[in-house]
**Student:** 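I have a structure here, written as structure tokens, and I will follow up with some questions on it.
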Amino acid sequence: MSGNADKKESRRERALAARAQGTAVAEVEMTEAEKEEAELAEKARLEGGGMFDGPAPGKADNFGPSFKRMIGLLKPSAWWFALVSFFGAVGVVLAVAAPKVLGEATNVVYEGFISSVLGQGFGGAPGFPRGTSRDQVVEALRGAGQDEFANMVSAMDDFAVGDGVDFERLRWIIIAVLAIYVVASILSWLQGYVINVIMVRTMWRLREDVEAKINRLPLSYFDKVQRGELISRVTNDIDNITQTMQQSLSGALTSVLTVIGVLVMMFSISWQLALVALVSLPLMGVIFGIIGPRSQKAFGQQWRKVGRLNARVEEAFSGHALVKVFGREKDALESFQVENEELFQAAFKAQFLSGIIMPAMMFVGNLQYVGIAVLGGLLVAGGNLRLGDVQAFIQYSQQFSQPLSELGGMAAVVQSGTASAERVFDLLDADEQDPDADDAPTAPEGKGVIEFEHVAFSYSEDRPLIKDLSFRVEPGQTVAIVGPTGAGKTTLVNLIMRFYELNSGRILLDGQDISEMRRDDLRRRTGMVLQDPWLFAGSIRENIRYGNDAATDEQIIAAAEATYVDRFVHSLPEGYETVLDEDASNVSAGERQLITIARAFVSRPSILILDEATSAVDTRTELLLQQAMAALREGRTSFVIAHRLSTIRDADLILVMEHGDIVEQGDHDELIAKQGAYWRLYQSQFEQAATDIDAEEALTGSVPVIVTGDAEDEAETEAETAAEQRVVAAPDAHQLGEAVKDAESTASDPRRD
């Protein structure tokens, strides 16, 4: 223990020292246990989310096929995508043409200015008479030894000295430029709008497919995939695909078209300047090649540190009471500080590397700008280029570097989006449960006879669970299933619900093999209350009506009264309209369970399955529920899974399971008389009760009075019979609830005597 503490302290000291020196924390060699912890932390982060939304940057295992399939999601919108491509192409053409047209405006102003000043003399040359043509000016300048000036003038449009600026032509050029920019902006807006429509519809279809797929998956799939992992695929991964396709695919199309268009325009203006602009490409490639992989690796390290820190925080919060009980606050704080320091260093390195990419690109762009400006000036002075063309070329050089940077940044985004798509496609490709036959018969309208005939089932081939199970349950009987944990009790009722398919044998409902029925029909006749209550965000009335959409308010209240929901609902501010918040935390665990029982009761099923349904209620309420359920089970086949054997003493049939087999069956008295497996379970609980009584005697100094043996059985039988008679005799649902309430004191009297 001290060795581990010393190791933690050493790591903490190294981390803090590294931060003080401004250096990154060196990777500390981890033990196997620490490596396993890191892997679990990363898995927990991926499943539950972390400081950053969405999955960590990653790579797809099969990039090509997954990327092609992701693009294939757009196939239903192919015509719309073609329209987007057209808008993008036209918009790029206009955007590329705009600098060239704007350069003409510069030429008009500059050359008009030159034509005006030539009449006054320029560069040491004498002035020219008004109306002198351009060619005459060039000839005179060459005769005066002004060759460079003559070359520059010769590159200008034809003019006459004294013409000045052609404002009419300038006006039309400016109008044309404004029109180009307006149309390009409208096309860009239309492109973005259509892209959003395409992406929203595509992701809507993908979510629909995923939701439909989840409903077609067998329950065994959810046994293998954790809930957080599934939620991450349905939410984070699909959102990541949306962002990738919205930002990258549409941007990639525009960027590629822009690069091609700009290159064409640059070479059309000057091949010398175009070569200067292209020199920057290798420099940009070096920047991305050196910094990019290191940045991506640093971000991956940052995500792993985030996962470990989240796991540490979650562990400390979930076990906060134990941390305080054992006085380990200091250890927890030190562990957090180490993980937090390592995350600080990893995040600093990742952000630093990613942050220097843009300044480096700007530096290369500035070098490019200087080269173009110097060489362009020389070309203008030599008469090989016009001033407006240089201005347009500078704009093209800026347009050229920006899409290249965007394309480089899209690479990591596309990798991450494709990795998310691959995870979603894995879900869509998972094996589905066998579909119901088109001619499957509907569930027979019988009384609810359940027969197991040589049923065998196992979750995995190497671990058989139920080997050869056969029994029959008559209508109106209550079957209790007991046994140790892992004996197969819940599995048994899951097979009745057809959540799993049998390995062999068959289960009959009123003589009909359930494997030949439609699952919906089978489950419509079955009501199930699980040990863990599940309620959705909504009012109490809506949660109860979930069991039967057609239930009236009177039926809902009757079910609530019968299950004692009505008793606590009136203490809530809004009564039945009280909205349950997240996890239904505004009601107690026992009240949540009562609501789920009421939900099952309102459905009025032929088969009732209670999987530890009363485990979350107190003993007194449980006794009252037993009386209410006695009436509701009338004429129905009921399966009750219970650990507290006192709750199933009146069951018509008790099945004792061990290792997937029924080792004993009979009623309570028969099984007690056999002194077998059931008797041993009963004795273990009786011994625990005796121990509790001894503890109470030691604490209070008095011996509690307990009715045992025949007296207890007789008293309980009389009380329960009287309660049942009043409940069953109730003529309607409302009086049923009142009868159950009236039976409360009678049902509890034998325990008080």
**Student:** Hey, what do you get for CG (Leu94) to CD1 (Ile180), rounding to the nearest 0.5 Å?
**Tutor:** 6.0 Å
**Student:** Check the pair Arg216 / Glu211 against salt bridge (Lys or Arg N to Asp or Glu O under 4.0 Å), numbers first and verdict last.
**Tutor:** CA-CA 9 Å; Arg216 295 194 303 268; Glu211 179 67 20; over 6 Å; no
**Student:** Checking Gln391 against Asn107 for the side-chain contact (heavy atoms from CB on, under 4.5 Å) test, could you report, in this order, the C-alpha distance in whole Å, the side-chain angles of both residues, the deciding distance, and whether it holds?
**Tutor:** CA-CA 10 Å; Gln391 172 195 321; Asn107 288 332; over 6 Å; no
**Student:** Quick one: does Leu263's side chain get under 4.5 Å of Tyr396's, heavy atoms only?
**Tutor:** no
**Student:** Is there a side-chain contact (heavy atoms from CB on, under 4.5 Å) between Val262 and Met266? Walk through the geometry before answering.
**Tutor:** CA-CA 6 Å; Val262 167; Met266 286 195 301; 3.9 Å; yes
**Student:** Tell me whether Arg233 contacts the main-chain N or O of Val424 through its side chain, where contact means a donor paired with an acceptor under 3.5 Å.
**Tutor:** no
**Student:** Does CG in Asp431 sit with more than 12 non-hydrogen atoms of other residues, nucleotides or ligands closer than 6.0 Å?
**Tutor:** no
**Student:** Considering only distance and modelled atom types, tabulate donor-acceptor pairs under 3.5 Å from the side chains of residues 267-279, sequence neighbours left out.
**Tutor:**
residue: Ser268; atom: OG; partner: Val264; partner atom: O; Å: 3.4
residue: Ser268; atom: OG; partner: Met265; partner atom: O; Å: 2.6
residue: Ser270; atom: OG; partner: Gln272; partner atom: N; Å: 3.4
residue: Ser270; atom: OG; partner: Gln272; partner atom: OE1; Å: 3.0
residue: Ser270; atom: OG; partner: Leu273; partner atom: N; Å: 3.3

**Student:** Judged by atom type as modelled, is there a donor-acceptor pair below 3.5 Å linking the side chain of Tyr369 to the main-chain atoms of Val364?
**Tutor:** no
**Student:** Which atom names give the shortest non-hydrogen contact between Gly376 and Val390, and what distance separates them?
**Tutor:** O-CG2, 3.7 Å
**Student:** Does OH in Tyr193 sit with more than 12 non-hydrogen atoms of other residues, nucleotides or ligands closer than 6.0 Å?
**Tutor:** no
**Student:** Quick check against the 3.5 Å criterion: does Ser188 have a side-chain atom that pairs as donor or acceptor with the backbone of Ser185?
**Tutor:** no
**Student:** Nearest 0.5 angstrom please: Ile174 CD1 to Phe167 CZ, how far?
**Tutor:** 9.5 Å
**Student:** Please report the C-alpha distance between Met203 and Asp239 in whole Å, then the side-chain angles of each, then the deciding distance to 0.1 Å, and finally whether the side-chain contact (heavy atoms from CB on, under 4.5 Å) criterion is met.
**Tutor:** CA-CA 8 Å; Met203 293 305 107; Asp239 288 342; over 6 Å; no
**Student:** What heavy-atom pair brings Ala430 and Lys213 nearest, and what distance separates the two atoms?
**Tutor:** O-NZ, 2.6 Å
**Student:** Taking the side chain as everything from C-beta on, heavy atoms only, tell me whether Met70 gets closer than 4.5 Å to Phe67.
**Tutor:** yes
**Student:** Could you state the interatomic distance from NZ (Lys68) to OG (Ser66), rounded to the nearest 0.5 Å?
**Tutor:** 12.0 Å
**Student:** About how many Å separate CD1 of Ile214 and CD of Glu432, when rounded to the nearest 0.5 Å?
**Tutor:** 11.5 Å
**Student:** Checking Met245 against Ile195 for the side-chain contact (heavy atoms from CB on, under 4.5 Å) test, could you report, in this order, the C-alpha distance in whole Å, the side-chain angles of both residues, the deciding distance, and whether it holds?
**Tutor:** CA-CA 9 Å; Met245 299 181 75; Ile195 281 288; over 6 Å; no
**Student:** Taking all atoms of both residues into account, what is the closest heavy-atom pair of Val108 and Asp166, and its distance?
**Tutor:** CG1-O, 3.6 Å
**Student:** Could you pull out the closest heavy-atom pair between Ile241 and Ala421, with the gap in Å?
**Tutor:** CD1-CA, 3.4 Å
**Student:** Measure across Ile198 and Ser77 and return the closest heavy-atom pair with its distance rounded to 0.1 Å.
**Tutor:** CG2-CB, 3.9 Å
**Student:** Do we see a donor-acceptor contact under 3.5 Å between the side chains of Glu341 and Gln345?
**Tutor:** yes
**Student:** Starting at OG1 of Thr202, measure out to NZ of Lys75 and round the result to the nearest 0.5 Å.
**Tutor:** 13.5 Å
**Student:** Without placing hydrogens or testing angles, list every side-chain donor-acceptor pair under 3.5 Å for residues 78-93, not counting sequence neighbours.
**Tutor:**
residue: Ser85; atom: OG; partner: Phe81; partner atom: O; Å: 3.0

**Student:** Do the charged groups of Arg169 and Glu104 touch, with an N to O distance under 4.0 Å?
**Tutor:** yes
**Student:** Working to the nearest 0.5 Å, report the span between CG of Asp237 and OG1 of Thr244.
**Tutor:** 10.0 Å
**Student:** Determine, step by step, whether Glu168 and Arg171 satisfy the salt bridge (Lys or Arg N to Asp or Glu O under 4.0 Å) criterion, reporting the C-alpha distance in whole Å, the side-chain angles of both residues, the deciding distance to 0.1 Å, and the verdict.
**Tutor:** CA-CA 5 Å; Glu168 182 66 17; Arg171 181 170 67 88; 2.7 Å; yes
**Student:** Can you tell if the side chain of Arg207 reaches within under 4.5 Å of the side chain of Val234, non-hydrogen atoms only?
**Tutor:** no
**Student:** Mark yes or no for whether Asn340, through its side chain, and Phe336, through its backbone, hold a donor-acceptor pair below 3.5 Å.
**Tutor:** no
**Student:** Looking only at heavy atoms, which two atoms of Val101 and Ala176 are closest? And how far apart?
**Tutor:** CG1-CB, 4.5 Å
**Student:** Considering only heavy atoms from C-beta outward, does the side chain of Val177 approach that of Trp172 to under 4.5 Å?
**Tutor:** no
**Student:** Can you find a pair of side-chain heavy atoms, one from Asp389 and one from Thr106, that are under 4.5 Å apart?
**Tutor:** no
